[in-house]
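Keep in mind that the numbers below use all heavy atoms, side chains included, and drop hydrogens, waters and symmetry copies.
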Amino acid sequence: DTEVTQTPKHLVMGMTNKKSLKCEQHMGHRAMYWYKQKAKKPPELMFVYSYEKLSINESVPSRFSPECPNSSLLNLHLHALQPEDSALYLCASSPIGLAGARDTQYFGPGTRLTVL
Amino acid sequence: EDQVTQSPEALRLQEGESSSLNCSYTVSGLRGLFWYRQDPGKGPEFLFTLYSAGEEKEKERLKATLTKKESFLHITAPKPEDSATYLCAVQRGHFNKFYFGSGTKLNVKP
């Protein structure tokens, strides 16, 4: 089974709100990822957690704050977002999670975020 | 500079009309090349991983191949349910990062 789950499916928030996106996998994968995808564009990498530690931050604004409480769970905390942050936010996980090692990513269904 | 380029951007086929999608890459230290299918508003669905030039993988009507510079996704006798955006991604050596191409939007008409 290669299932990654994400909640909520849809989220509408105002620019002053604080909200969180949640991602779970129970496949024992050691790396988890957050991507942002705008309409008709490919996914853009935001963060990578490897063995529960933040290993890559693609210069993402501080209004996005990732958290990895344990090896199965990944959160993305949102605060003071802008309308241009509206997008599909995708979570992915991969089994190996080591830099330089062959690995395969499996994606969740995404959270559709709308910022008003 | 590392690049992943997919062509064509869009492809319209009649049901049963076979064709190929292309993914060309310039990445140092390629660890793997991946094909995904993405339906509108949903997450990418994993299809294939290719590691070495000459490698081929098949699944139903899809066949992926890899050379040193590009990969092809061959679609044989497509059906309308094959309509989706097909994404190619590469994993670069020494980093746990995956680079995506812009995708090919496939539309198969009955």
Engineer: According to ring pair (Phe, Tyr, Trp, His ring centres under 6.0 Å), who are the partners of Tyr35(A), at least two apart in sequence or on a separate chain?
Structural biologist: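 Scan of Tyr35(A) (ring pair (Phe, Tyr, Trp, His ring centres under 6.0 Å), adjacent residues dropped) gives Phe107(A), Phe100(B).
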
Engineer: Select one option (side chain, backbone, both, neither) describing which atoms of Gln6(A) are under 4.5 Å from chain B's heavy atoms.
Structural biologist: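 Neither part; nothing is under 4.5 Å.
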
Engineer: With chain B, which of Pro109(A), Gly110(A), Ala92(A) has the greatest number of heavy-atom pairs at distances under 4.5 Å?
Structural biologist: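 Option with the top pair count is Pro109(A).
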
Engineer: Counting only non-hydrogen atoms closer than 4.5 Å, does Gln38(B) touch chain A with its backbone (N, CA, C, O), its side chain (CB onward), both, or neither?
Structural biologist: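 When you check distances to chain A, only side chain atoms of Gln38(B) fall under 4.5 Å.
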
Engineer: Under 4.5 Å heavy-atom distance to chain B, tell me which part of Gln37(A) shows up: side chain, backbone, both or neither.
Structural biologist: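 Side chain only.
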
Engineer: At a 4.5 Å cut-off on heavy atoms, which part of Phe46(B) comes close to chain A: side chain, backbone, both, or neither?
Structural biologist: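 The side chain, not the backbone.
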
Engineer: In terms of heavy-atom proximity below 4.5 Å to chain A, should Tyr51(B) be classed as side chain, backbone, both, or neither?
Structural biologist: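 Contact with chain A: backbone and side chain both.
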
Engineer: Non-hydrogen contacts under 4.5 angstrom with chain B: give the residues of residues 83-90 of chain A involved, or none if there are none.
Structural biologist: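 So the qualifying residues are Leu88(A), Leu90(A).
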
Engineer: Can you confirm whether Lys19(A) is buried at NZ, in the sense that more than 12 heavy atoms of other residues, nucleotides or ligands lie under 6.0 Å from that atom?
Structural biologist: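 It does not: Lys19(A) NZ has 12 such atoms or fewer within range.
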
Engineer: Against chain B, work out which of Lys41(A), Gln105(A), Arg112(A), Lys40(A) has the most heavy-atom pairs shorter than 4.5 Å and name it.
Structural biologist: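 The candidate making the most pairs under 4.5 Å is Gln105(A).
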
Engineer: Please determine, among Ser102(B), Pro40(B), Gly103(B), the option with the most heavy-atom pairs under 4.5 Å with chain A.
Structural biologist: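 Looking at each option in turn, the highest pair count goes to Ser102(B).
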
Engineer: Find the one option among Ala89(B), Gly101(B), Gly32(B) whose heavy-atom pairs under 4.5 Å with chain A are most numerous.
Structural biologist: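 Maximum pair count with chain A is reached by Gly101(B).
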
Engineer: Relative to chain B, which segment of Ser55(A) carries a heavy atom at a distance below 4.5 Å: side chain, backbone, both, or neither?
Structural biologist: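 Nothing of Ser55(A), per the 4.5 Å heavy-atom cut-off to chain B.
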
